[in-house]
Amino acid sequence: MSKARIEQAYAAAKEQYGEIGVDTEAVMEKLADIPISLHCWQGDDVGGFETPDAELSGGGIQVTGNHPGKARSVRELQKDLEKVFSLLPSTHRLNLHAVYGEFGGKKVDRDEVLPEHFTGWADWAKEHTRGLDFNGTFFSHPKAEDGFTLASKDPEIRNFWIRHAERCRDISEYLGKEMNSPAIHNVWVPDGLKDYPADRMGYRKILMESLDTAFSRDIDPEYMKDAVETKLFGIGSEAFVAGSHEFYMNYASSRNKLVCLDMGHFHPTELIADKISSTLLFQDELLLHVSRPMRWDSDHIVVLNDDIRQLTQEIIRSGRINDIHIGLDFFDATLNRIGAWVIGARAALKGLLLALLEPQETLVRYEEEQNYFGRLALMEQLKTMPAGAVWDYYCLKNNVIPEEALISEIMNYEKEILGERA
């Protein structure tokens with residue numbers, strides 16, 4: 001679509017939204033101020049760069065597919081991320097895992113990882129992102145093979161992972177200082193059992209104490225904020241996960257930590273959209289991991305489905321957008337990895353745009369007047385409003401290609417760059 005056609009369509013959309021009290025110019029300004037934290041692990045199938053042939057193993061997560069063009073080094077991953085960022089309107093963040101450091105070909109165990117292994121990322125990020133976030137890597141390691149890390153009853157294994165968590169907090173603090181933006185340090189551990197445990201209390205007590213030890217050093221929240229991520233079950237931990245939703249909700253509330261809600265970490269019919277208001281009434285901030293579960297925590301590429309629509313509506317309707325940290329979390333190697341990143345990030349941004357285009361004051365007024373017909377009728381009207389024209393114009397304003405040019409752009413990158421890696 002030509003620039004003139006995009007501008008013409010937007011002018012009509014702006015007028016139509018104006019008729020229901022929505023200022024599209026103000027909406028685009030608000031959207032530009034909402035960063036999405038892209039996950040580095042989509043680019044190399046959660047392998048990291050501890051060794052030249054590192055691959056995901058264990059931990060109750062799984063990547064399917066083997067599409068050509070996987071990033072094999074930090075520089076290749078950064079090049080791919082630069083391409084992804086160039087296809088997204090506005091400036092966003094990057095979410096790193098501990099295994100993505102620059103280790104110089106040396107064996108650096110998880111409890112020895114240091115800020116110096118991420119100085120290159122900090123230098124790169126200053127040019128390309130709005131901030132960096134960080135995660136400990138509690139999987140794909142011999143000391144995680146029995147399914148337990150911080151909740152392990154073996155003190156040697158448990159203390160190893162406590163040291164890893166401490167090092168990750170050090171790195172997060174460093175990245176926050178370098179970027180002048182607090183890094184969200186997220187802890188997810190796969191600890192659990194395939195069948196029914198005899199000592200749920202024991203494992204959870206150990207996990208609580210391990211986290212307390214790992215978090216014992218006070219760090220200025222201007223540089224780093226801790227989050228703990230809940231999960232219902234995983235592969236090999238179908239019967240029991242130590243870090244359940246209830247465990248981490250109570251831990252976060254009692255320890256003044258952020259809780260991380262992942263869209264795939266609950267029952268298939270359970271939506272985290274409904275949890276946002278309940279959580280933010282009692283906690284200052286919230287971390288979200290946005291994915292698309294399909295029958296289980298399969299981390300499919302985010303698309304603009306009903307789950308995303310409801311999630312982004314609640315993010316905006318809560319009035320607490322500045323207190324909600326939005327990160328992506330999916331990994332798919334069955335198709336072009338750059339395309340997967342871009343589709344998922346754009347879907348999340350489109351969901352936020354649709355939510356911002358709602359005349360919320362009118363909807364709330366109808367509800368308070370018990371005019372439920374008016375509320376429902378307006379919600380239905382919004383479904384066919386020309387939000388796509390606003391999105392295309394938002395991309396144009398940010399010098400980002402529109403939807404119809406996306407396929408050819410990414411396929412050209414695959415031919416010119418990714419194909420050379422095969």
Taking the six-membered ring where the residue is Trp, are the ring centres of [X] and [Y] under 6.0 Å apart?
X    : Y    : result
Y394 : Y10  : no
H128 : F85  : no
F139 : H97  : yes
W161 : F138 : yes
F118 : F134 : yes
F330 : H300 : no

Regarding [X] and [Y], does a basic nitrogen lie under 4.0 Å from an acidic carboxylate oxygen?
X    : Y    : result
E380 : K383 : yes
E82  : R75  : yes
R346 : E403 : yes

Do L378 and P359 have side chains that approach each other closer than 4.5 Å (heavy atoms only, starting at C-beta)?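 L378 reaches P359 side chain to side chain.
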Could you tell me if the side chain of I20 sits less than 4.5 Å from the side chain of M385, heavy atoms only? yes
Examine the side chains of [X] and [Y] and answer whether a donor and an acceptor come within less than 3.5 Å of each other.
X    : Y    : answer
D329 : S291 : no
Y100 : N95  : no
D23  : Y17  : no
R93  : S181 : yes
E102 : W121 : no

I401 atom CD1: more than 12 heavy-atom contacts under 6.0 Å: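 For I401, atom CD1 is crowded (more than 12 foreign heavy atoms under 6.0 Å).
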Just by distance, do the side chain of [X] and the backbone of [Y] share a donor-acceptor pair under 3.5 Å?
X    : Y    : value
T230 : H245 : no
E270 : H267 : yes
R204 : V241 : yes
S237 : F240 : no
D133 : I184 : yes
S253 : N250 : no

Can you list the steps and then say if Y223 with N180 is a side-chain hydrogen bond (donor to acceptor under 3.5 Å, both in side chains)? CA-CA 7 Å; Y223 306 128; N180 196 30; over 6 Å; no
For the student: nearest non-hydrogen atoms of L304 and I308, plus distance: CD1-CG2, 4.2 Å
Between K257 and F215, is NZ or CZ placed under 6.0 angstrom from the six-membered ring centre and within 45° of the ring axis? yes
Check whether NZ of the Lys or CZ of the Arg K275 lies under 6.0 Å from the centre of the six-membered ring of F266 and within 45 degrees of that ring's axis.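 The answer is yes; both the distance and angle limits are met.
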Please work out which of the three classes, parallel, tilted or perpendicular, describes the rings of W341 and H39, given edges at 30° and 60°. perpendicular
Side chain to side chain contact (heavy atoms under 4.5 Å, CB included) assessment of N135 paired with T137: CA-CA 6 Å; N135 304 262; T137 309; 5.9 Å; no
R292 vs D307, test: salt bridge (Lys or Arg N to Asp or Glu O under 4.0 Å). Steps then yes/no. CA-CA 8 Å; R292 177 167 53 108; D307 289 353; over 6 Å; no
For the side-chain contact (heavy atoms from CB on, under 4.5 Å) test, which of D45, N336, L418, D332 pairs with H67?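 That would be N336; it is the only one of D45, N336, L418, D332 passing the side-chain contact (heavy atoms from CB on, under 4.5 Å) with H67.
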Approximate separation, where rounding is to 0.5 Å, of C168 SG and E173 CD: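 Here the interatomic distance stands at 13.0 Å.
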